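Inspection log for the structure reproduced underneath, given as structure tokens.
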Amino acid sequence: MSAFEYAPAPESRAVVDIASSYGLFINGEFTDGSGGSLKTINPATEETLADTAVADESDVDRAVRAARRAHENVWGPMTGAERAKYLYRIARLLAERSREFAVLETLDNGKPIRESRDVDVPLASAWFFYYAGWADKLDHAGFGVNPQPHGVVGQVIPWNFPLLMLSWKIAPALAAGNTVVLKPAETTPLTALLFAELVQQADLPAGVVNIVTGAGETGSAVVGHPDVDKVAFTGSTAVGKAIAKQIAGTRKHATLELGGKAANIVFADAPIDQAVEGIVNGIFFNQGQVCCAGSRVLVEESMHDELIVRLKARLGTLRLGDPMDKNTDIGAINSARQLQRISDLSDAGEAEGAVRWSADCAIPENGFWFPPTVFTQVSAAHRIAREEIFGPVLSVLTFRTPAEAVAKANNTPYGLSAGIWTDKGSRILWMADRLRAGVVWANTFNKFDPTSPFGGYKESGYGREGGRHGLGPYLVEGSGR
């Protein structure tokens, strides 16, 4: 039986206007930067989308000063109920303009439009709705009586979920009464800059949210500014360690959400078709460019062969190609640099003796692409089983007992997430109690909700985002009097 052929179903680019160049967003207005400019490109076509300003230390200083004035004069003294009104307004505007944000996210990042449309933008809106509800209830959040905001928060976000990570950072910070200086990733700044326009539309007081674009030096200037009270970072473990060293000995508070090497653990009694879908979602969602991606599958030895057959058959149905096509499952890798890292680690997997299998799919001539890939006969010593690849590459290992599965799952410097697939609830609870992971999914994977905290252990960072726990890092605990 031949596979279904899908007619192209492209989303329209006309729903979003992309300017040829963008400045910085400081004190409620767009302004020129002093550090030159960077080009942001479409990873699927390599076409230039826009030039964005690079903020230097003087620009960052202007942004921090604007945030400080807004905190002391407007946002800090404002009641929680009034702050909530602005957060609700932002949430509604994100929902109303969701198609515009989804299209821009896909163009700038390379992820499939249906992921931007169905996951990223709705969750971003939901985060603002959720934390709007907390803004007037801080006394009841469990952080003492009359907890206070830190003041000015410096935030640095990654390129894999640009708008969603922005919402994870900004929504709780504003609900707690802080003001923000945010630096988006240099390869994906456009939805953050569109969000700046939305902030203007929402009539948010000037200086409450400031957005400075640039590369690593700009982020370092934000983190290191002496008048930044709290730092929030999502990104690689290497940069997270550098930030921890940079702020050591200062008064700055920090939350760091870093890398991962999650294990998806499949027992012989698991619903196998459901598990296959969970594995696919766990590692091939967003091309595997997810910090909590289930990049290691630990499968009970007795069902290994059947699982691999079914998994390969499922991967053969995935459609790689134009991210703007609503039928596309696998989009483009975000950058040439990231594609090179994925290729290098995959080559290392073969060189070390693992067996490589890639789905048979046509690779477009332009852009950055990598086919869904599975490695079998992997040992825990292989680099592909130890290092975060951050791409659509899955390593399969086996186990015989639950204790062995726990030992192999925990045999990593990371501790961000894990998944358990089994028919036995008691086994799920037993495993979850022993897995050293901040989030453990049971018979599902990669599911998020603003009410639920997210974060890791060990080299996956510290602090939590989401839920009441995600509000705490943006507050100084009250005295209790």
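Computed from a prediction, not measured in an experiment: that's the story for all the values here.
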State plainly whether the residues Lys241 and Glu459 are in salt-bridge range, i.e. N to O under 4.0 Å. yes

If you count heavy atoms of other groups shown closer than 6.0 angstrom to CD of Glu46, is the number above 12? yes

Hey, does Val297 have a side-chain heavy atom less than 4.5 Å from the side chain of Leu307? yes

Quick one: are Gln338 and Trp159 in side-chain contact, heavy atoms under 4.5 Å? yes

Which of Ser346, Pro371, Pro372 passes side chain to side chain contact (heavy atoms under 4.5 Å, CB included) with Ser358? It is Pro371

Output yes when a side-chain donor or acceptor of Thr328 lies under 3.5 Å from a complementary backbone atom of Gly331, and no otherwise. no

Looking at Lys326, I'd like to know if its NZ atom is crowded, meaning that more than 12 non-hydrogen atoms belonging to other residues, nucleotides or ligands lie closer than 6.0 Å. yes

Regarding Ser116 and Thr106, is there a side-chain donor-to-acceptor distance under 3.5 Å anywhere? yes

Please report the shortest heavy-atom distance between Pro158 and Thr234, naming the atom on each side. CD-O, 3.4 Å

Taking all atoms of both residues into account, what is the closest heavy-atom pair of Phe284 and Pro392, and its distance? CE2-O, 3.3 Å

For atom CD of Gln274, decide whether the heavy atoms of other residues, nucleotides or ligands shown that lie under 6.0 angstrom number more than 12. yes

State whether the number of non-hydrogen atoms from other residues, nucleotides or ligands found under 6.0 Å of Glu57 atom CD is greater than 12. no

Regarding Arg319 and Asp325, does a basic nitrogen lie under 4.0 Å from an acidic carboxylate oxygen? no

Hey, are Arg356 and Asp347 close enough for a salt bridge, meaning a charged N less than 4.0 Å from a carboxylate O? yes

Pairing donors with acceptors under 3.5 angstrom, does anything connect the side chains of Asn334 and Thr187? yes

If the condition is ring pair (Phe, Tyr, Trp, His ring centres under 6.0 Å), which residues does Phe128 pass it with, not counting sequence neighbours? Phe195

Under 4.0 Å between a side-chain nitrogen and a carboxylate oxygen: does that hold for Asp344 and Arg341? no

Under 3.5 Å: donor-acceptor pair, side chain of His382, backbone of Ser379: yes

Is the ring centre of Phe454 less than 6.0 Å from the ring centre of Trp168? yes

Taking the six-membered ring of Tyr457, is NZ or CZ of Arg464 closer than 6.0 Å to its centre and within 45° of its axis? yes

Taking C-beta and beyond as the side chain, do Lys312 and Val374 meet within less than 4.5 Å on heavy atoms? no

Test salt bridge (charged side-chain N to carboxylate O under 4.0 Å, His left out) applied to Glu465 - qualifying residues, sequence neighbours left out: Lys169

At their closest point, which heavy atom of Phe445 faces which heavy atom of Asn281, and how far apart are they? O-ND2, 3.0 Å

Under 3.5 Å, is there a donor-acceptor pair between the Thr255 and Lys230 side chains? yes

Evaluation steps, side chain to side chain contact (heavy atoms under 4.5 Å, CB included), between Arg436 and Thr412: CA-CA 10 Å; Arg436 192 65 171 159; Thr412 172; over 6 Å; no

Has Asp120 got a side-chain atom pairing as donor or acceptor with Phe101's backbone, closer than 3.5 angstrom? no

Are Arg13 and Glu47 ion-paired here, with the side-chain N under 4.0 Å from a carboxylate O? yes

